[in-house]
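Here is the structure we will look at.
Numbers here are sequence positions counted from 1.
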Amino acid sequence: MDPAWCKGSRTLSDPRIAAIPDVHGHAKGEHKTFAEERPIAYSPRMLFLWFYHACRRGSPRFMMVSDHINYLTFEDPGAVHTVRRALKLAEAGDLYGAAETAGVDVGHAAVVSQGLRRGMRFSIGAEVDNDPRARPDAQNIVDAMRPDGLIRSVHFLTIEHPEKGPDWQWGFDNPEFVDLYDVVGTERVWELYMTKLLDDIEKLPGHIVGHFYVPANFGHWPDQAKLEQYENQLLDACASRGMAIEVNTRYLYRDNPDELKEKYRAAIFRLMKKAKAKNVGIAIASDAHSPKDQGNGFAEMLRMLDEAQINEIVFPVGGRLARVALRATKEHLQKVKSKEPVQQPGSSISGFSRAELGLPERNEAEEREAALAASPSKTGHDAGPRKRASGPARASKKPAKETSERETKADRQAKAAAEETAPESPAKTEAKSKGKAAAKPKAEPKPKAEPKAKAELKPKAEPKPKVEPKLKPEPKPKAEPKPKAEPKPKAAAAKTKPAEPAKAAKPAPKPAAKPAAKPVAKPAVKPPVKPPVKAAAKAQKPAAKAVKKPAAPPQKPAAKKAAPKPAAAAKKKAPAKKAPAKKAAAVKKAPAKKAPLAAKRKVSTPKRAATKKTTTKRR
């Protein structure tokens, strides 16, 4: 028995024994007699418990199951994928899910879960040989398993049997047919073996060449020179195909004569040194057919590896040969670090900033200068960061319109004050003098100002080019909506109603429209009511026109708005006599209570004109 498994053994103190990968194990059990061997199907429970024993023992930390090809069945791929799913659940901590998936107890799943969390890894492959009992579609079954690794080996040779005749498949490593060595001869056996092995390595898939010294199981060794020649041929073939060689420890822990064991140790030690010199991977395998033999003989193998100064062992994972370091030496760490790709500093892909990576901050100015020096064709604009062609704020007049009404009124008042200080034209002074005289009674005389406004609008359109630049800042009618508060008291309701349509502003003409509509319904017979209604309708039409025209270019509407103001002021002065009649009619027909409600309601100018036209037609 291997002393590494004995209680109190000093070899157990070396953790590298558990780190040696075991790439060759048979979960389907020991061989039976040649005539009794039959295919055995995998089950998730069988594979899971094979790994469970390794987790309970804590070694080997890396292990692969690889059964013979003649044992394959159609159930094997399904079982392999199921146990892989169970191992993932166990690693994630889902013990009940892993136990249910693999068909084992929760205690088994807990042990495997702990082992996987400690870093143990398990692979599933196959030992692909030339067994004539294998199914003709065995390779398809192996491909369906998606094996982590394939071990290429030879167990049968084609010979001429003295009784069975030529082309007989001889299982030369089976103890049942040992007598045929005397018939065929040792040298011939090795020749046939090397021919078949090298042909399979060259033509068939595989990752590892299994148990190279299998023809010497019963002590049949060729000449030393011939043996070393075969070793060199093997290593050359593996190096050309990127395959590794397997060092099998089964011969060391089985019951074999000590003399043969010593010869076997010398042969495998020589082979490992040659493999290291030719940069061929080395895999260690116990070739266990029972869980108790997993990792058996690895303590002795570790001593041989140290003598040969070998630190890296290969292990198949996902169809490739991963390397496992037995000791993290300074040279090994430097070698591994040199092979690692350089991480991009502070990018969205890496997810780390320059400060987290311990890198100095970037100087953009220096980088820009360096870029310009490297490529003189580029300008500073091309080398620097991209900027907006224009600022975020627009210089057009649109944002001025988007401002609130209070701000625009304040600006207009400031402009008006500035214009007052500047020298003005005679037409402008006249308009101002008239506007000041009629500032308070603006609301009252609007109804009679209609005919004058129509007559005055046409002659004032001629001097537009002269007046436009000067009259731009005269939005006084817009800046003077303060008398809006006048229609609120009940006593002054009659005065404000006719005055509002003259403003042509937003809320002013509203009360004039409603009192004109109300007398149409009941007192249509009274003659004194008709002239004020028509006057109000006519007064509103120029007001509507004045409102529509501001949509034109910014200079023209100012002139148009300024033009009707003096006319309106002149009109307001003349009809001061007829104002009391209107007040009386308005007081009788429109109650003072409804005046504030009408003032609140806002009606658009086009609607007002439409309502007034309908009222005039009815009358």
Side-chain angles (χ1 to χ4, degrees), residues 20-24 64 66 125 127-130 149-155 157 172-173 186-217 220-252 262-287 297 300-316 319-326 335:
I20 297 176
D22 190 354
V23 301
H24 196 161
M64 183 175 77
S66 51
E127 182 180 0
V128 185
D129 57 9
N130 60 336
L150 294 177
I151 298 176
R152 177 61 57 184
S153 61
V154 176
H155 289 97
L157 296 175
F172 60 91
D173 62 336
T186 302
E187 297 295 336
R188 180 61 179 168
V189 170
W190 276 91
E191 289 178 5
L192 295 173
Y193 173 73
M194 286 303 301
T195 303
K196 179 62 177 173
L197 182 60
L198 295 175
D199 188 60
D200 289 353
I201 291 172
E202 184 180 356
K203 297 178 180 178
L204 300 178
H207 298 92
I208 301 171
V209 177
H211 42 64
F212 172 67
Y213 297 106
V214 67
N217 281 352
H220 299 88
W221 292 90
D223 294 339
Q224 187 66 25
K226 201 71 174 177
L227 181 61
E228 292 186 10
Q229 180 184 349
Y230 293 151
E231 292 171 356
N232 294 334
Q233 292 177 0
L234 170 68
L235 295 173
D236 292 340
C238 291
S240 63
R241 291 296 306 276
M243 297 176 68
I245 60 168
E246 177 194 280
V247 178
N248 199 304
T249 62
R250 183 178 176 84
Y251 195 82
L252 298 177
E262 287 297 330
K263 196 168 185 178
Y264 186 77
R265 290 190 186 96
I268 59 178
F269 182 74
R270 182 175 61 252
L271 183 64
M272 287 192 296
K273 290 180 70 175
K274 289 181 179 180
K276 181 185 177 184
K278 295 188 177 183
N279 198 23
V280 176
I282 299 171
I284 310 299
S286 65
D287 202 356
E300 187 175 359
M301 188 56 57
L302 181 61
R303 290 192 294 270
M304 297 174 67
L305 291 171
D306 290 341
E307 291 178 10
Q309 297 181 354
I310 296 172
N311 189 42
E312 290 185 353
I313 308 298
V314 300
F315 178 67
R320 64 181 182 86
L321 292 177
R323 293 183 177 271
V324 178
L326 302 179
K335 184 179 178 182

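For E202, there are no salt bridge (charged side-chain N to carboxylate O under 4.0 Å, His left out) partners two or more places apart in sequence or in a different chain. The side chain to side chain contact (heavy atoms under 4.5 Å, CB included) check on D200 picks up R152, V154, K196, L204, with sequence neighbours excluded. Scored by the side chain to side chain contact (heavy atoms under 4.5 Å, CB included) test, K276 finds Q309, I310 as partners (sequence neighbours excluded). Shown here are the side chain to side chain contact (heavy atoms under 4.5 Å, CB included) partners of H24, two or more places apart in sequence or in another chain: H26, S66, E127, I151, H211, E246, N248, A285, D287. Taking F172 as the reference, Y193 meet the ring-ring contact (aromatic ring centres under 6.0 Å, His included) condition, with sequence neighbours excluded. Remark: Y230 engages no residue in a ring-ring contact (aromatic ring centres under 6.0 Å, His included) (not counting sequence neighbours). Applying the salt bridge (charged side-chain N to carboxylate O under 4.0 Å, His left out) rule to D306 yields the partners R16; only residues at least two apart in sequence or on another chain are considered. Under the rule for a side chain to side chain contact (heavy atoms under 4.5 Å, CB included), the partners of A322 that lie at least two apart in sequence or sit in another chain are V317, R320. For the side chain to side chain donor-acceptor pair (under 3.5 Å) test, no residue two or more places apart in sequence or in another chain qualifies with D173. Considering only residues two or more places apart in sequence or on other chains, D199 meets the side chain to side chain donor-acceptor pair (under 3.5 Å) condition with K203. Among residues two or more places apart in sequence or in another chain, the salt bridge (charged side-chain N to carboxylate O under 4.0 Å, His left out) test is passed with E307 by none.
Sequence neighbours left out, the pairs with a member in residues 235-244 that pass side chain to side chain donor-acceptor pair (under 3.5 Å) are D236-K278.
Ring geometry for Y264 against Y213 counts as perpendicular: the plane angle is over 60°, on a 0 to 90° scale with 30° as the lower cut.
For the pair F212/L234, a side-chain contact is recorded, criterion being any heavy-atom separation below 4.5 Å from C-beta on. You'll find the side chain of M301 reaches within 4.5 Å of the side chain of V247, heavy atoms only. Side chains of P316 and L321 form a contact here, defined as non-hydrogen atoms less than 4.5 Å apart.
Atom NZ of K274 is surrounded by more than 12 heavy atoms from other residues, nucleotides or ligands within 6.0 Å.
W221 and A216 make their closest contact through CE2-CB, 3.4 Å (heavy atoms, listed as atom of the first residue, atom of the second, distance). Pairing each heavy atom of E187 with each of D223, the nearest pair is OE2-N, 3.6 Å.
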